[in-house]
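Working notes, structure below.
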Amino acid sequence: MNDQMRVRLDKMNELRQEGIDPFGHAFKRTYLAKQLHAEFNDLDKEAIEDLGKKAIIAGRMVAKRGKGKVGFADIMDRTGRIQIYVRKDVVGEENYHIFKRSDIGDHLGVEGDIIKTDMGELTIRATHITFLSKALRPLPDKFHGLQNKEQKYRQRYLDLISNPESFDRFQKRTKIISAIRSYLNNEMDCTEVETPVLHNQAGGASARPFITHHNALNIDLYLRIALELPLKRLIVGGMERVYEIGRVFRNEGMDQDHNPEFTELESYIAYFDFKDVMDETEGIFKAAANAVTDDGKVTYEGEEIDFSKPFARKHMVDAIKEVTGVDFWKEMTIDEARKIADDHDVQYEPYWKVGHIINAFFEKFVEDTIKQPTFIYGHPVEISPLAKKNAEDPRFTDRFELYISGTEYGNAFTELNDPIDQRERFEAQAAEKDAGNDEAQGIDEDFIEALSYGMPPTGGLGIGIDRLVMLLTDAESIRDVILFPTMRPEDNSQPEE
RNA sequence: GAGCCGUUAGCUCAGCCGGUAGAGCAUCUGACUUUUAAUCAGAGGGUCGGGAGUUCGAACCUCCCACGGCUCACCA
């Protein structure tokens, strides 16, 4: 309790004594701030006066400039700010007193005339103030906003109140996801589905899961690490085109690009190959970019990214050849590949095969050079255990990743639909798990059974939504695009084990 | 996980070589009928993240703890 809170508590009690509920009631508005600006900003002072229009607004008072028997304040609603002008001789002594005693942070309803001041600012000249809600704590600095990153994440509401760029970013996040949904529903004729978050075993990716317990069944359950396996079951079930935008959970480290829970989009479309999925992916990214820009161009970390042009499409081997001159199309032995790696200072592990070395070349020399949206396809089979081999060249798979600004934003392939092959790959994973790799998956018998009823050839796609939002809103941390990022509790006193 | 840095008033930040804690905004009192980071005059506000140590004396030095940030490796 500090002096400011004491003062505000006193003012709250003062309101009660005056018969005013400090935590107010419903209030009908006729205008939002943005509507006022859109409708009247272009008119001059006299034109607005001639119109003689009235407005009723409501919001949080975020700035106040008193001037004796008259005062100005800025009222903020979800669409922006609008100035109010309160005159004692207009609203009357009692009503002016309420305004005079109200603090920055309080919610007010204001009825008045729409005017422009001598300085040319659109303003509501109050005829009556309605007190709506008391703020018992002071807001962050009106000019600097809330800068403390920890506090921004822990008390997001304060960040949203005082940092408009953060508020806008979360509005954009919603628009982006909404545009993606609309594209998949309307352009791709997909069905959006919801699949379980609680899994009997964590599959569909390599990651450590969170484990929880169900009391009634007395079994451990896993929070999902991917959407993949349930969605493929729906492809078996004949839904043909499905997608889910959902939260997945990975019990791993956290940093600027990783939050323990994050939002993934996965889509599966029957009878698509990976080239069709490229078209789909390009459509998704263009729809997302168009949701938050006029021209499909965004600036990310100082670089302009253009989503409006067709995305480049390159085979991984061609991309490496362009940058380094090394041609991995040639058939080669592992010894020959190692020699090339040595010549180019590329490190490798003893168990690596040619495909691993090709991938290492890509990561070392090519990845960072890709700025504009580019599909890299044809990943080596050794690094793509879930993708189908290419029919013409079985060294490579029908897989692609979308790279933008040196970072991967989507991963897709023609899905494995051979239940016998799938069982073998699961068994290999299970062996790894027994050997101590707690990121390896177990055997999902139920999934194999589903596949054995016949899954059509299918193109699958996964996109990390949070990172896409980061890219489109120029955010430097994943925590800037997740409203309530995972934080260690401030009071770290955990119950004894 | 490793390294580096940070934590001072409600917020944003200063604080030198260890010598009894500072500014701006915000708050309070007063003045002010078109201000807009309003202005002017005055005032109040601090467990300097927590704990221990060194010292005559610690925001400052040492150690431990907590939380956070950044960089680096792995994962989306």
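Letters A, B, ... are given to chains in the order of the sequence lines, protein chains preceding strands, and every chain is numbered from 1. Just so you know, these numbers use all the heavy atoms, side chains as well, and skip hydrogens, waters and symmetry mates. These figures come from a predicted structure and were not determined experimentally.
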On the side chain of A:Gln147, is there an atom forming a donor-acceptor pair with the base of B:U12 - under 3.5 Å, no angle test? no

Side-chain donor/acceptor of A:Asp141 to base of B:G24, under 3.5 Å: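 Present.
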
Report the nucleotide, chosen from B:C67, B:U33, B:C11, that has the shortest atom-to-atom distance to any side-chain atom of A:Lys69. B:U33

Output the single nucleotide from B:U12, B:C25, B:G69 whose closest atom is nearest the side chain of A:Tyr153.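 Of the candidates, B:G69 comes closest.
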
Give the ring-plane orientation class for A:Phe249 versus A:Phe210, where under 30° counts as parallel, over 60° as perpendicular and anything between as tilted. perpendicular

Would you mind classifying the nucleic acid contact of [X] as base, sugar-phosphate or nothing, using non-hydrogen atoms under 4.0 angstrom?
{"X": "A:Leu158", "answer": "nothing"}
{"X": "A:Arg101", "answer": "sugar-phosphate"}
{"X": "A:Glu408", "answer": "sugar-phosphate"}
{"X": "A:Lys149", "answer": "sugar-phosphate"}
{"X": "A:Gly66", "answer": "base"}
{"X": "A:Asp74", "answer": "nothing"}
{"X": "A:Gly68", "answer": "base"}
{"X": "A:Lys116", "answer": "nothing"}
{"X": "A:Asn411", "answer": "nothing"}
{"X": "A:Tyr409", "answer": "nothing"}
{"X": "A:Asn259", "answer": "base"}
{"X": "A:Arg137", "answer": "nothing"}

Is the distance from OP1 or OP2 of [N] to the nearest side-chain N or O of [X] less than 4.0 Å?
{"X": "A:Gln256", "N": "B:C70", "answer": "yes"}
{"X": "A:Arg65", "N": "B:A38", "answer": "yes"}
{"X": "A:Lys142", "N": "B:A37", "answer": "no"}
{"X": "A:Asn2", "N": "B:G10", "answer": "yes"}
{"X": "A:Gln83", "N": "B:U35", "answer": "no"}
{"X": "A:Lys67", "N": "B:U34", "answer": "yes"}
{"X": "A:Arg479", "N": "B:G69", "answer": "yes"}
{"X": "A:Lys152", "N": "B:G69", "answer": "no"}

Let's test this: given Watson-Crick or G-U wobble pairing with both distances under 3.5 Å, identify the partner of [N].
{"N": "B:G49", "value": "B:C65"}
{"N": "B:G10", "value": "B:C25"}
{"N": "B:C70", "value": "B:G3"}
{"N": "B:G19", "value": "B:C56"}
{"N": "B:U34", "value": "none"}

Quantified in whole Å, what is the [atom1] atom distance between nucleotide [N] and nucleotide [M]?
{"N": "B:A58", "M": "B:G49", "atom1": "P", "answer": "15 Å"}
{"N": "B:A73", "M": "B:C65", "atom1": "P", "answer": "27 Å"}
{"N": "B:A21", "M": "B:G46", "atom1": "C1'", "answer": "8 Å"}
{"N": "B:G53", "M": "B:C60", "atom1": "C1'", "answer": "15 Å"}
{"N": "B:U7", "M": "B:C48", "atom1": "C1'", "answer": "10 Å"}
{"N": "B:C5", "M": "B:C61", "atom1": "P", "answer": "11 Å"}
{"N": "B:C74", "M": "B:U62", "atom1": "C1'", "answer": "36 Å"}
{"N": "B:G50", "M": "B:C67", "atom1": "P", "answer": "15 Å"}

Integer-rounded Å distance: [N] [atom2] and [X] [atom1]:
{"X": "A:Met487", "N": "B:G68", "atom1": "CE", "atom2": "C1'", "result": "7 Å"}
{"X": "A:Arg208", "N": "B:G1", "atom1": "CZ", "atom2": "C1'", "result": "12 Å"}
{"X": "A:Ile161", "N": "B:C11", "atom1": "CD1", "atom2": "P", "result": "14 Å"}
{"X": "A:Met5", "N": "B:G45", "atom1": "CE", "atom2": "P", "result": "18 Å"}
{"X": "A:Arg6", "N": "B:G44", "atom1": "CZ", "atom2": "C1'", "result": "11 Å"}
{"X": "A:Phe72", "N": "B:U39", "atom1": "CZ", "atom2": "C1'", "result": "14 Å"}
{"X": "A:Arg488", "N": "B:G1", "atom1": "CZ", "atom2": "C1'", "result": "12 Å"}
{"X": "A:Arg87", "N": "B:U33", "atom1": "CZ", "atom2": "P", "result": "10 Å"}

Do the side chains of [X] and [Y] get close enough for a salt bridge, i.e. N-O under 4.0 angstrom?
{"X": "A:Arg233", "Y": "A:Asp444", "result": "yes"}
{"X": "A:Arg169", "Y": "A:Glu165", "result": "no"}
{"X": "A:Arg173", "Y": "A:Asp466", "result": "yes"}
{"X": "A:Glu49", "Y": "A:Arg125", "result": "no"}
{"X": "A:Glu261", "Y": "A:Arg250", "result": "no"}

Are the aromatic rings of A:Phe413 and A:Phe274 close, with centres under 6.0 Å apart?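 No: the rings miss the under 6.0 Å criterion.
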
Centres of the A:His344 and A:Phe361 rings: under 6.0 Å?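 When the ring centroids of A:His344 and A:Phe361 are compared, they turn out to be within the sub-6.0 Å range.
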
With RNA chain B as reference, determine whether A:Asp103 or A:Val70 sits nearer its 5' end, using the nearest nucleotide of each. A:Asp103

RNA chain B: A:Thr117 or A:Asp255, which has the more 5' nearest nucleotide? A:Thr117

Syn or anti: how is B:C48 classified when any glycosidic angle within 90° of 0 counts as syn?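 Anti.
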
Using centres under 5.5 Å plus planes under 30 degrees as the test, is A:His258 stacked with B:C75? yes

Report yes or no: is the cationic atom of A:Lys64 (NZ for Lys, CZ for Arg) under 6.0 Å from the centre of the six-membered ring of A:Phe99, at an angle within 45° of the ring normal?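 So A:Lys64 does make the cation-pi contact.
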
Could you check whether any side-chain heavy atom of A:Ser102 comes within less than 4.5 Å of a side-chain heavy atom of A:Phe131, counting everything from C-beta outward?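 They are in contact (side-chain heavy atoms under 4.5 Å apart), so the answer is yes.
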
